[in-house]
Amino acid sequence: MPFLTALVLSVGVLCLVDLVLTVGVIRRLRAHEEMLSARPAGSPSIVLPPGAVIGGFSATSTDGVHVSDETLTETVLVGVFSPDCSACHERLPQFAEHARSFPGGRGNVLAVLVGTEEETADERRMLEPVALVLIEEYGTGLTKALQVRGFPSLALVDEHRRVVASGTTLEDLGKIPAHA
């Protein structure tokens, strides 16, 4: 009988310790939740936000057209894609379809493909009929000018090099600020 009493007391103490540890974990989780909710809403932008001015750039499209920050005379639609990005494969056809009807036509649409000629061949074939296609390394040219930090990155840039709208989806480009 003393053995059974000791066993029951041991189980009771073990359950009490477990309860104390569980309460500690719950408090800790609540503290983390409060810290996370104190952060500003939304995730960091992966491309320059509306109102920002893009940096200088100079490039030549795959069909030989010179493009630079100096040649922007109207609002241009810009899409930056990577062949390694699964979201890019999903959004690239949507971008191409939107580009087909963009005001000013193909000359006002810049599609940047980050990678080598071989890696971007399929995307290039899809985009060349509707956009001026630039193939560049990440962190150079237009990806540097737009401060691209992820893919896909989309932007509307006006003739003053100011970003009018930006994001990762075409819906983001529909949210044009009232002061733009």
Side-chain angles (χ1 to χ4, degrees), residues 39-177 180:
R39 285 185 176 173
S43 59
S45 178
I46 64 168
V47 65
L48 282 176
V53 176
I54 68 168
F57 74 96
S58 181
T60 302
S61 71
T62 55
D63 56 353
V65 177
H66 174 72
V67 182
S68 75
D69 55 302
E70 307 271 325
T71 62
L72 301 181
T73 58
E74 295 181 54
T75 298
V76 294
L77 172 64
V78 181
V80 183
F81 303 94
S82 170
D84 299 329
C85 160
S86 59
C88 294
H89 293 292
E90 178 184 312
R91 295 194 189 123
L92 191 117
Q94 298 166 355
F95 178 83
E97 186 59 36
H98 187 72
R100 192 173 315 285
S101 62
F102 193 75
R106 169 177 196 273
N108 286 347
V109 180
L110 301 176
V112 181
L113 300 175
V114 177
T116 65
E117 294 273 345
E118 297 80 31
E119 294 171 328
T120 61
D122 293 337
E123 293 86 355
R124 177 181 175 178
R125 277 191 291 280
M126 183 185 295
L127 290 168
E128 279 184 330
V130 296
L132 297 175
V133 178
L134 311 175
I135 298 175
E136 60 188 41
E137 291 181 29
Y138 178 74
T140 65
L142 197 48
T143 60
K144 182 178 181 182
L146 281 169
Q147 298 178 22
V148 172
R149 292 179 289 283
F151 304 103
S153 289
L154 306 176
L156 286 173
V157 180
D158 71 14
E159 65 276 10
H160 304 293
R161 299 175 23 199
R162 187 168 308 281
V163 176
V164 177
S166 64
T168 61
T169 66
L170 289 170
E171 290 78 23
D172 294 334
L173 299 186
K175 301 175 191 169
I176 299 174

Partners meeting side-chain hydrogen bond (donor to acceptor under 3.5 Å, both in side chains) with [X] (sequence neighbours left out):
X: Glu119; value: Thr116
X: Arg100; value: none
X: Thr75; value: none
X: Asp122; value: Arg125

Any side-chain heavy-atom pair from [X] and [Y] closer than 4.5 angstrom?
X: Leu156; Y: Val163; result: no
X: Val78; Y: Val76; result: yes
X: Cys85; Y: Pro152; result: yes
X: Thr168; Y: Ile46; result: yes
X: Ser166; Y: Pro50; result: yes

Problem set entry | Residues which pass side chain to side chain contact (heavy atoms under 4.5 Å, CB included) with Gln94, listed by chain and number, not counting sequence neighbours | Arg91, Leu170
Exercise. So Leu154 and Asp172, side chain to side chain contact (heavy atoms under 4.5 Å, CB included) or not? Walk me through it.
Worked result: CA-CA 8 Å; Leu154 306 176; Asp172 294 334; over 6 Å; no
Problem set entry | Derivation of the side chain to side chain contact (heavy atoms under 4.5 Å, CB included) call for Val157 and Leu77 | CA-CA 7 Å; Val157 180; Leu77 172 64; over 6 Å; no
Exercise. Which pairs with one or both residues in residues 63-90 pass ring-ring contact (aromatic ring centres under 6.0 Å, His included), sequence neighbours excluded?
Worked result: Phe81-Phe95
Per-pair distances, 0.1 Å, donor-acceptor, side chain in residues 131-148, under 3.5 Å, sequence neighbours excluded:
{"residue": "Glu136", "atom": "OE1", "partner": "Leu142", "partner atom": "N", "Å": "3.3"}
{"residue": "Glu136", "atom": "OE2", "partner": "Leu142", "partner atom": "N", "Å": "3.1"}
{"residue": "Glu136", "atom": "OE2", "partner": "Thr143", "partner atom": "N", "Å": "2.8"}
{"residue": "Glu136", "atom": "OE2", "partner": "Thr143", "partner atom": "OG1", "Å": "3.3"}
{"residue": "Tyr138", "atom": "OH", "partner": "Val148", "partner atom": "O", "Å": "2.7"}
{"residue": "Thr140", "atom": "OG1", "partner": "Glu137", "partner atom": "O", "Å": "2.7"}
{"residue": "Thr143", "atom": "OG1", "partner": "Gly139", "partner atom": "N", "Å": "3.0"}
{"residue": "Thr143", "atom": "OG1", "partner": "Thr140", "partner atom": "N", "Å": "3.2"}
{"residue": "Thr143", "atom": "OG1", "partner": "Thr140", "partner atom": "O", "Å": "2.7"}

Restricting to pairs with a member in [range], which pass salt bridge (Lys or Arg N to Asp or Glu O under 4.0 Å), not counting sequence neighbours?
range: residues 65-88; value: Asp69-Arg161
range: residues 50-62; value: none
range: residues 45-66; value: Asp63-Arg106

For this session: Assess whether side chain to side chain contact (heavy atoms under 4.5 Å, CB included) is satisfied between Arg149 and Val47, documenting all intermediate values.
Result: CA-CA 6 Å; Arg149 292 179 289 283; Val47 65; over 6 Å; no
Problem set entry | Partners meeting salt bridge (Lys or Arg N to Asp or Glu O under 4.0 Å) with Glu117 (sequence neighbours left out) | Arg124
